Amino acid sequence: MGAPAAARPPWRAPSSGPRTPPSPPFLWCRANLFRCTVAAAWSSLSSRCIAGSCAALGTPGRPASFPARSCAPGRLRPQEWLEEQCTQVFDTMISIRQRRGVKTTEVPEDYAAQEANVTLESKLPSGGTSRRLWKLLSLMVGGTIALCIGLLTSVYLATLHENDLWFSNIKEVEREISFRTECGLYYSYYKQMLQAPTLMQGFHGLIYDNKTESMRTINLLQRMNIYQEVFLSILYRVLPIQKYLEPVYFYIYTLFGLQAIYVTALYITSWLLSGTWLSGLLAAFWYVTNRIDTTRVEFTIPLRENWALPFFAIQIAAITYFLRPNLRPLSERLTLLAIFVSTFLFSLTWQFNQFMMLMQALVLFTLDSLDMLPAAKATWLYGIQMTGLLLVCILQFFNSMILGSLLISFNLSVLIARKLQKNLKTGSFLNRLGKLLLHLFAVLCLTLFLNNIIKKILNLKSDEHIFKFLKAKFGFGATRDFDANLYLCEEAFGLLPFNTFGRLSDTLLFYAYIFVLSITVMAALAVAFHNLSDSANQQSMGQMGKCTIILKPETAYNLIHTILFGFLALSTMRMKYLWTSHMCVFASFGLCSPEIWELLLKLIHLYNPKRICIMRYSVPILILLYLGYKFWPGMMDELSELREFYDPDTVELMNWINSNTPRKAVFAGSMQLLAGVKLCTGRTLTNHPHYEDNSLRERTKAVYQIYAKRSPEDVHALLRSFGADYVILEDSICYERRHQRGCRLRDLLDIANGHMMDGPGENDPDLKLAGHPRFCEEIKRNLPPYTAYFTRVFQNKTFHVYKLSRNK
C-alpha cells in the first residue's frame, strides 16, 4: 500500500501493483502540457526531463525511453515521478503567488462571465495581430474624436462670445469694459506688460507697482496669480503675429483654446474609467448641452478659474491613470510627471488652488484609510501636492498665504500620523474602526496645531475672511463682520439654486448621475466594510486586488471626488463648475462601464454577459441621439442670434477720465468699477477686487463709507488718507434694489457701523440712529457742508464724479 494521504499528494499513483489510469488532476496536468512545461522550467527542471516523462506516458510520436540518470530519482516510475514534480511545481506556484498576494485557490463564480464581458474591440478576430490593430484603430478614432470635440467646443464658445458682444466691431474701450470686475484688473496687467518699453521694465513695473493701490508699493507677482498674463505678453512679443492678430484676440483665443484642452481632458478621464471612447463622447456632449452650469468662460474670460480648471481636469485624468494597477515603471514615471506639471500649473493660475487640493487630499485620505488605494501611491500624490504648492510659493516671492494653507498642514499631519501610528490596518472590524477614528482625530488635531503655529509665526491674516465667512455660513453664530457679510449676501456664494437640477435633468445628466452614484456608493460601502473586516493576515495587496474587481482604485477616487465636490457646490454656487463638469464624466463613465451594469443586472437577477455589452453601448447611444434631437436646433438658433455690447454710461465715464484728469490722478469708488478704471484709463486706484489681503479689505471698508451714514468731513478725511483725488458714486449702489433688505451694501455698512438700516423692517435692538444722513444721497443736494469738500465734475444717468478739495 502507498503512503497515507496526509504524507503524500492525494493524487499520487501507488508505488507497486498494476498500472492504474491517472487520476483527474494528473489528467489535467497532461492536458495542459504547456503549463507543466513552463512550470517545470521555472523550477529548474530540464526540458529533456519533461519531454521524456511525457513520452513515457505514451505521448504519440515520441520514443518511450526515459533518462533515469537525470530525471528519475529514487525508485519512482516515470509516471509517479512526473506526478510528483507536477505536485511540487503546483504547490510552489501557489506558495509564491500567495506571498505576492494573489489568490489562486479561489476562482470567482463569474470568472467566465468576466472573460466574456469584453469590449467590442476584443470581439474581433482573436489573432494577436488583428486585436492589436483593432486597438490601435480604436485609439486613433477615439483620440481624433477627442481632439475634434475639444476644438468644436472651443469654436462654439468663442462664437457665442462674438455674437453676444459683436466683439470684432466694437471699440477698444468697449472691449475692455466688457471685462467686468476682477477680469478687467487681471487683463490690465497683460496690457501693462505689452505697453512697457522692454520686458525688464514690464517686470519691474509689476514687482514695484504703485498704481494698483495708492500710496503703497506692492509686488503684484506675489499678491496675485498673474503669471499667465506675463507669459502671454512675452509670447505675443516674441511671436511674429502682431501684424495679423490684435493683443486682445491673442488673449481671448488662448482662453478659448484652453477650453478645448479642458473638454479633451474630461473626455479622456471618462474613457479611462469606462474603457470606451463612447463614454468620453457622451461626457463632452453633456458638458456642451449643460453649458450654463458647466462653464462661464464666454462672459468672464480672464477669470482665474478659466485658466486653472483645464489643468485641474488634466490632473484628474492623470491621477485616474496613475491609480491603475500594474503600470509599467516608465508609464508610472511619465504619469507622475504629468500630475506634477498639471498640479503646478493649476496652483500657479488660481488663488483658491489650496482649497481645491485640500478636497483632493481628503479624497486620498479617505481611500487610503479604507484600503481602497495603495498607500504608496497616496504618498506620492501628497508629496506632489506639497511640492507643487511650495514651488508656486517660491515663484510668488514666498507668499505667506500659501505657507499658511490648510493643505500643507494637513498633508504633513497625515504623513506624520501614519509614521507614528503603527499597525493601523490590522485587527478585527471593531479594532480597526477604533484605530481609524483615533487616526482621524490625531490628523485633525495635528493639522490645526501646525496651521496655527505657522500662522502665528508668519502673522498671517490674509485668509481669515474666508473662515469668518464659513463660520457664519454654516450657522456657527451670526456675524456683523463687513467682509463676511459681503460674501454671504452675494448670490455666487449662496446655496446652489434648486432650478440647477431642473436644467441638469432636462439633458438626463442628473438622472444618469444619480443612477451611477447610487450603484457605486453601494459597491464602495461593501468594499469598505470588507476591507475593515479583514484580519491582520489578510491585509495585503492581494486583498486589495480582490476588492478592486468590485471597485477599482481609479473608480473609487473619482467617486469620493465627485461626492466631496458635490457638497462644495451645494453649499457654494460659485464652486458648481468644479462639480458639474466632473458630473458629466462620472455619469457617462457609469453608463458605459461593464462593472456598473454587471452589478445592476445581478441585483435584479437578469445578469447575462451579452446584456452587459448591449446595455453599455445602447444606452449611451440613445442618450446621444436624444441630446442631438432636443438640443441641436436650439444650439443653432443660439449661434445665429446676434447682439451688441451696449453700456454708453460707462463708456462716457472712461472717455471723460482719459480726457479730463491727470495721468497720476487717484480714483476712489467701488471695487468692480475701479478695476475697469485701471484697465481703460491706467489711473491709480485706492482699492480693487482682489480681496485676499487684510489691509486691502480694511481700506475697501473705509472707502465704502461713501455709501454709509457719515459726515462729509469724515468721508473726506478717509478718502484723502488714501490719496484720493476723485471719487465715483454709483446710483446702482446708492439706491440698490437687487438685494433684499439686510444684504444691500448700504445695509451692511450700517450694521458694521452700528446704525439702524433704512426702510420698513426690524433692526437689532443695539443698533442706533445715525447722526448724519446717507452721504451718497445728501451730496447730490449740493449743500454747503458738502460743496466745501467735494466738487462735482462729471455726471450722467449712472455715475457722479466728485473732485476732493486738497486744502481741508
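It should be emphasised that the depicted structure is a prediction, and the values quoted were computed from it without experimental measurement.
The aromatic ring centres of W286 and Y513 sit 6.0 Å or more apart. The aromatic ring centres of F586 and F589 sit less than 6.0 Å apart. Residues H582 and F565 place their aromatic rings such that the two centres sit no closer than 6.0 Å. Aromatic rings of F429 and F529 (six-membered ring for Trp) have centroids within the 6.0 Å cut-off, being under it. A centroid separation of less than 6.0 Å is found between the aromatic rings of F515 and W597.
Using modelled atom types, one side-chain atom of S571 and one backbone atom of F567 make a donor-acceptor pair closer than 3.5 Å. Judged by distance alone, the side chain of S331 and the main-chain N or O of L327 form no donor-acceptor pair under 3.5 Å. A side-chain donor-acceptor contact under 3.5 Å links S640 to the backbone of D637. Remark: the backbone N or O of L147 is not paired with any side-chain donor or acceptor of T264 at under 3.5 angstrom. Looking at T294, its side chain does come within 3.5 Å of a backbone N or O of Y287 through a donor-acceptor pair. One N or O on the side chain of Q385 and one on the backbone of M357 form a donor-acceptor pair closer than 3.5 Å. In this structure, S274 contributes its side chain and T276 its backbone to a donor-acceptor pair below 3.5 Å. Side-chain atoms of R643 never come within 3.5 Å of backbone atoms of N163 as a donor-acceptor pair (strictly under, hydrogens ignored). Side chain of K552 to backbone of R324: no donor-acceptor contact under 3.5 angstrom is found. A donor-acceptor pair is defined here as one N or O able to donate and one able to accept, closer than 3.5 Å; no such pair exists between the side chain of T562 and the backbone of L559.
For the pair R304 and F352, the cation does not sit on the ring face, since its NZ or CZ is not both under 6.0 Å from the ring centre and inside 45° of the axis.
The pair R418-D368 meets the salt-bridge criterion, with a side-chain N (NZ, NE, NH1 or NH2) lying under 4.0 Å from an Asp/Glu carboxylate O. Under the 4.0 Å criterion applied to side-chain N and carboxylate O atoms, E598 and K602 are assigned as salt-bridge partners.
At most 12 heavy atoms of other shown residues, nucleotides or ligands fall within 6.0 angstrom of atom OH in Y511. By the neighbour-count criterion of 12 heavy atoms within 6.0 Å, atom CE of M636 is densely surrounded, having more than that number from other residues, nucleotides or ligands. Around atom CD of E490, more than 12 heavy atoms belonging to other residues, nucleotides or ligands sit under 6.0 Å away.
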Let's go through W307 and Y262 carefully: what are the C-alpha distance in whole Å and the side-chain angles of both, what is the deciding distance for ring pair (Phe, Tyr, Trp, His ring centres under 6.0 Å) to 0.1 Å, and is it a yes or a no? CA-CA 10 Å; W307 285 97; Y262 189 19; over 10 Å; no

Residue pair S588, S270: steps toward the side-chain hydrogen bond (donor to acceptor under 3.5 Å, both in side chains) verdict: CA-CA 7 Å; S588 61; S270 186; 2.8 Å; yes

Which is it for E638 and Y156 under the side-chain hydrogen bond (donor to acceptor under 3.5 Å, both in side chains) test, yes or no, and what are the steps along the way? CA-CA 10 Å; E638 195 175 30; Y156 171 65; 2.7 Å; yes

Could you check T507 against N290 for side-chain hydrogen bond (donor to acceptor under 3.5 Å, both in side chains), going step by step and ending with a plain yes or no? CA-CA 7 Å; T507 63; N290 292 281; 3.0 Å; yes

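The structure places CH2 of W579 at 6.5 Å from CG of L496, a figure rounded to the nearest 0.5 Å. To the nearest 0.5 Å, atoms CG (L157) and CZ (R296) are separated by 14.5 Å. Rounded to the nearest 0.5 angstrom, I261 CD1 and S342 OG are separated by 12.0 Å.
Annotation for L348 and V392: closest pair N-CG2, 3.8 Å, computed over non-hydrogen atoms. Contact detail for P620 and L278: the closest heavy-atom pair is CB-CD2, 3.9 Å. Here the closest heavy-atom approach between residue T295 and residue V297 is recorded as OG1-N, 3.2 Å. The shortest non-hydrogen separation linking S347 to N353 is O-ND2, 2.8 Å. Across F311 and F346, no two heavy atoms sit closer than the pair CB-N, 3.9 Å. When every heavy atom of L362 is checked against every heavy atom of T366, the shortest pair comes out as O-OG1, 2.8 Å.
Ring planes of F167 and F179: tilted class, angle from 30 to 60°. Ring geometry, H161 versus F256: the interplanar angle falls from 30° to 60°, so the pair is classed tilted. Ring geometry for H561 against Y557 counts as tilted: the plane angle lies between 30° and 60°, on a 0 to 90° scale.
Defined by atom type and a distance below 3.5 Å, a donor-acceptor pair is missing between the side-chain atoms of Q259 and S154. For D293 and T580, the side-chain atoms include no donor-acceptor pair closer than 3.5 Å.
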